[in-house]
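A short worksheet on the structure shown next.
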Amino acid sequence: MKFSFKKARKAQEVLKKRVKLEPLKREIKTVAGCDLTFLDPFKNPITGIGAFIVLTYPELKVVEKVYEVAEVEIPYVPGFLAFRELPLLIKAFKKLKRKPDIVFIDGHGITHPRGLGIAAHFGVITGIPSVGCAKKPLFGEFKEPCREAGCYEPILHPKTKETIGYAVRLRKNSKPVYISPGNLITPEEALKLALKTARGFKLPEPTRIAHNYLQTVRKGIIQRKLQELEGKNGS
DNA sequence: GCGACAG
DNA sequence: ATCTTGTCGC
């Protein structure tokens, strides 16, 4: 059965009704970051690797890391990233022994054409508060933040003019990141959390550490494959 | 109709 | 979603 983007769109419209932009209910003690890459990202983006890391908050010390490998079936189409990446990310998430109080996801939360980017989608199906952190804008209107670290500008919904997220500069002269609530958090709380988990890099720590960890895992898997191949050939 | 388009 | 190398700004 072929994947239907028409049905996926319908699913997003239904799930969007379950997004709650309400203040956090619990004190944040742990923050997770996650990321997904492929063994061969540009030539053959099929074998995916998904990773989750858990950090203490506000100290930002790593307390757990997990990863999972699986074939990714659905192609990437802007606006439908969740259908491609969420199945593997959820698999990795289930391996965590300590469930985090909140999760940072690579990609948008509600700053999405149908209000349900991957971070909002994750938050709705897991019931865990989530924040979207994207490296490129997708939806909404905003002004360029000033060049200093900590500068930000609201991202406004084109029709309602409501604040749905923030373009935030976490490092001086770096490109901004695009922060928006996924679920069970307000735009202002998402902004505050992004600023408080920044450590002078372009990306907030949960996202940055998850990305670094995944790079290490990916290189390890490639090395291991090369070693196996070498043993067979006796070269 | 055209351009833009998270990872 | 990657890698490598060089260059530039802070």
### Query
Are any of the side-chain heavy atoms of A/Y178 and A/L138 separated by less than 4.5 Å?
no
### Side chains of A/E22 and A/T186, donor plus acceptor under 3.5 Å
no
#### Entry: Close side-chain approach of A/K97 and A/V66, heavy atoms under 4.5 Å
no
### Query
Tell me, for nucleotides 1-7 of chain B in 5' to 3' order, what letter each nucleotide earns: B for a base near a protein heavy atom under 4.0 Å, S for only sugar-phosphate near one, - for neither?
----BBB
### Query
Separation of A/Q215 atom CD from C/dA1 atom C1', in whole Å?
9 Å
### Message
Between A/E148 and A/R169, is there a side-chain heavy-atom distance shorter than 4.5 Å?
### Response
no
### Message
Near DNA chain C, counting only heavy atoms under 4.0 Å, which residues of residues 165-183 of chain A show up?
### Response
A/K172, A/N173
### Message
Under 4.0 Å between a side-chain nitrogen and a carboxylate oxygen: does that hold for A/E205 and A/R208?
### Response
yes
### Task
Not counting sequence neighbours, list each pair that qualifies as a ring-ring contact (aromatic ring centres under 6.0 Å, His included) and has a residue in residues 59-101 of chain A.
A/F3-A/F83, A/F5-A/F80, A/F52-A/F93, A/F83-A/H121, A/F93-A/F122
### Message
Using modelled atom types and a 3.5 Å cut-off, is there a donor and acceptor pairing between side-chain atoms of A/Q12 and backbone atoms of A/G79?
### Response
yes
### Query
Considering only heavy atoms from C-beta outward, does the side chain of A/T30 approach that of A/E64 to under 4.5 Å?
no
### Summary
Symbol by symbol from the 5' end, with Watson-Crick or G-U pairs under 3.5 Å, [ ] crossing and | another strand, DNA chain B is .......
### Message
Reading 5' to 3' and counting Watson-Crick or G-U wobble pairs with both distances under 3.5 Å, write the dot-bracket notation for DNA chain C, | for bases paired outside the strand.
### Response
..........
### Query
Salt bridge or not for A/E188 and A/K192, using N-O below 4.0 Å?
no
### Message
A side-chain contact here means heavy atoms from C-beta on lying under 4.5 Å apart; do A/E68 and A/I49 qualify?
### Response
no
### Query
Do A/K136 and A/P78 come close enough that some side-chain heavy atom pair is under 4.5 Å?
no
### Query
Any donor-acceptor pair under 3.5 Å linking the side chain of A/S130 with the backbone of A/A119?
yes
### Query
Got a sec? Which of residues 185-208 of chain A come in under 4.0 Å of DNA chain B, heavy atoms?
none
### Query
Just by distance, do the side chain of A/N183 and the backbone of A/K20 share a donor-acceptor pair under 3.5 Å?
yes
#### Entry: Check: A/H112 and A/K16 side chains under 4.5 Å, non-hydrogen atoms
no
### Query
So, do A/V62 and A/Y213 sit near enough that their side-chain heavy atoms are less than 4.5 Å apart?
no
### Task
Please work out if A/H211 contacts a base, only the sugar-phosphate, or nothing of the nucleic acid, heavy-atom cut-off 4.0 Å.
sugar-phosphate
